[in-house]
Amino acid sequence: TRLRSLPILLVATYRSDDLHRRHPLLPMLAELQRAVRPDRVELTPFDTKATADLVLAIGGAELDQAAIEELHLKSGGNAFYLEELLAASGAEGAIPATLREIVLSRSRSLDDDALAVLRVASAVGSYIDESLLALTSGLDKETVNHALRQLVEGKFLVAGATNFSFRHDLTREVFADELLPGERTELHGRIAEALEGSAPQRHGEIAHHWWYSGNQPAALRSAIAAADAADSSGAVAEAFLHLERALELWDLVPTEGRDTSLSHPDLLLRAAEAAHLVQDFERCNGLARQASKELADADNLTQALVLKRRGQWLFDSGEPGLEDLVGQSLVLIRPEPASAGVAEIYDWAARVHMLIGHPERSIELGETALEMARDLGQTSTEANVMNTIAVDRLDLGDQTGVDEMRQALEVALRSGDIDVVNRAYINLTVLLVLTGRFEEAVIHAGEGEQYALDHGYRGVSRALLASNASHALFALGRWD
């Protein structure tokens, strides 16, 4: 009581992460809170911005956002962990010995079942569901529940609404590293099998675990399935990762073990398309060249269609050689009878010559494609070729190109091909702006945007149409 009349400040600190449910400090803290009513300051974990600020303060230099997010994930916003990770950042991602010892020392209070569940959880990943642990740990559900309670109370895991997660990803890495090589591969195989039985829709996780299990046929099969699932949801970067893994596995799996309808050139082209979508143009062009080499003995049309795909990717990358690919493809199809594929090559060749400023040659190739497409009833190709020729006409100073583009739009709408319709709306609005028909350009841009919206189109056409409309509105003095 005497201390209350003196100017004395007592400051006490403790780490809440270290306090399990029966820790002797907890009753004392409760009594102090009741009797003394101290001011309590709780230091919450850093968010990513605070993590970046500390990294800058310690290292004197900024890191890119991906590196900051990785450090934040590993440290869980813990300043001490973060400092130790930064100090060891030159050791090729190795976990500092001090942190490893701290994490492992905290696990000494766990019983054998809790340790077993923690090891399995470290292989499962950052987010863990209870049913998967029961299927893969070899323990009954009641024992798993008891172990999970220990791990939550010991601040190893955090309980969410439907699953559990590691409080710090660093903890997961430490215990994953503690697994013996054979133990690790066997465990990943068990997890993959359990997921296939209980949650077959989790393709990415299944592929991940088969990859680390050492079961190469299963890893190949699941990587392709995961790429399909990622493609269907628009996750192109994830699809690319799985396709690259499938390519790496291909030669390691005997022919009879390849449970897939894809050929190796097909897989190369799929991976090239994914690389193109994530703008890894160098990898895209390399994969496409390899596919062409492997198809050197294929029929002429197949080779030409592959050259067309390569040319489209090459154009987007800005690399030279596009005109050479067009020339090679035309040589290949010259002796071929009329077909949808041959018409497609002439259509593409006409488009390329339009883009590189050869309108006369573009019209010549386009007219060949147009005649063939009409004879075969290929309305998508017909609309695309009409579109290209209309642009060529205007490039040559022929104002009838605008009317031809309107006709191309009508045919495109009949085809129902959303990509062809979008291209027609985009090029029609460009031609209308170029010829000073600004009101019409605004109207057609609005129609095109609505069409894309109604058909669930996720590409850039709506942005391009909005840009064309803005040019027309600016010219009209309508700046609002």
Side-chain angles (χ1 to χ4, degrees), residues 227 230-241 243 269-285 287-288 308-319 322 344 347-348 350-357 362 379-381 383-388 390-392 394-395 401-402 405-406 408-413 415-434 437-438 440-475:
D231 268 338
S232 66
S233 63
V236 292
E238 184 180 347
F240 182 41
L241 168 67
L243 290 167
L269 290 170
R270 277 200 63 185
E273 173 71 24
H276 169 256
L277 290 172
V278 300
Q279 299 191 333
D280 187 346
F281 297 124
E282 183 177 357
R283 182 62 175 151
C284 168
N285 293 331
L287 290 166
K308 171 180 174 275
R309 295 180 72 181
R310 284 180 57 190
Q312 291 169 327
W313 297 328
L314 199 66
F315 177 78
D316 287 344
S317 73
E319 294 292 320
L322 177 59
E344 185 182 329
D347 167 31
W348 169 62
R351 246 185 295 173
V352 170
H353 279 281
M354 178 265 287
L355 290 169
I356 62 178
S362 175
T379 51
S380 292
T381 303
N384 256 338
V385 177
M386 291 173 69
N387 186 319
T388 300
V391 174
D392 291 326
L394 197 66
D395 280 349
V402 176
M405 186 64 77
R406 293 184 198 279
L409 175 59
E410 291 176 8
V411 177
L413 288 166
S415 77
D417 186 322
I418 190 167
D419 290 319
V420 176
V421 173
N422 285 334
R423 181 174 180 245
Y425 270 118
I426 290 166
N427 283 352
L428 174 59
T429 52
V430 168
L431 265 57
L432 289 169
V433 169
L434 290 174
R437 306 180 197 188
F438 303 120
E440 291 178 75
V442 173
I443 291 168
H444 285 296
E447 290 174 359
E449 285 191 66
Q450 190 60 50
Y451 184 92
L453 186 65
D454 291 345
H455 290 77
Y457 191 74
R458 295 187 297 182
V460 298
S461 66
R462 289 175 61 201
L464 293 172
L465 286 165
S467 173
N468 293 345
S470 69
H471 284 294
L473 289 167
F474 185 85

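Below, each value reflects all heavy atoms present in this structure, side chains not excepted, and no hydrogens, waters or symmetry copies.
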Side chains of H444 and R406 in contact at under 4.5 Å (non-hydrogen atoms): yes
N285 side chain vs F281 backbone, donor-acceptor pair below 3.5 Å: yes
Shortest non-hydrogen separation from A230 to A239 and the atoms involved: CB-N, 3.6 Å
Salt bridge (Lys or Arg N to Asp or Glu O under 4.0 Å) partners for D417, two or more places apart: none
Minimum heavy-atom distance T379-V411, with the two atoms named: O-CG1, 3.6 Å
Partners passing ring pair (Phe, Tyr, Trp, His ring centres under 6.0 Å) against F438 (at least two apart in sequence or in another chain): none
Spatial distance of atom CG (L473) from atom CG (N468) [nearest 0.5 Å]: 11.0 Å
Derivation and outcome, side-chain hydrogen bond (donor to acceptor under 3.5 Å, both in side chains), residues E319 and W313: CA-CA 9 Å; E319 294 292 320; W313 297 328; over 6 Å; no
Straight-line distance of L431 CG to E440 CD, nearest 0.5 Å: 11.5 Å
Candidate pair H471 and L434, rule side chain to side chain contact (heavy atoms under 4.5 Å, CB included), full reasoning: CA-CA 10 Å; H471 284 294; L434 290 174; over 6 Å; no
Heavy-atom side-chain proximity of D231 to R270 below 4.5 angstrom: yes
Check: R462 side chain, L453 main-chain N or O, donor-acceptor pair, under 3.5 Å: no
L394 and M405: CA distance, side-chain angles, deciding distance, side chain to side chain contact (heavy atoms under 4.5 Å, CB included) verdict: CA-CA 10 Å; L394 197 66; M405 186 64 77; over 6 Å; no
Distance-minimising heavy-atom pair for A272 and A288: CB-N, 4.1 Å
R309 and H276: CA distance, side-chain angles, deciding distance, side chain to side chain contact (heavy atoms under 4.5 Å, CB included) verdict: CA-CA 11 Å; R309 295 180 72 181; H276 169 256; over 6 Å; no
Minimum-distance pair of heavy atoms, taken over all atoms of V421 and A412: CG2-O, 3.3 Å
Check against side-chain hydrogen bond (donor to acceptor under 3.5 Å, both in side chains), Y457 and D419: CA-CA 9 Å; Y457 191 74; D419 290 319; 3.3 Å; yes
OG-CZ distance between S317 and R283, expressed to the nearest 0.5 angstrom: 15.0 Å
CG-CZ distance between L287 and F240, expressed to the nearest 0.5 angstrom: 6.5 Å
Any donor-acceptor N/O pair, T429 side chain to Y425 backbone, under 3.5 Å: yes
Shortest non-hydrogen separation from V442 to A469 and the atoms involved: CG2-O, 4.2 Å
Heavy-atom closest contact (D392 atom, S362 atom, distance): OD2-OG, 2.5 Å
CG-CE distance between D347 and M386, expressed to the nearest 0.5 angstrom: 12.5 Å
Student check: side-chain heavy atoms of N384 and W348 closer than 4.5 Å: no
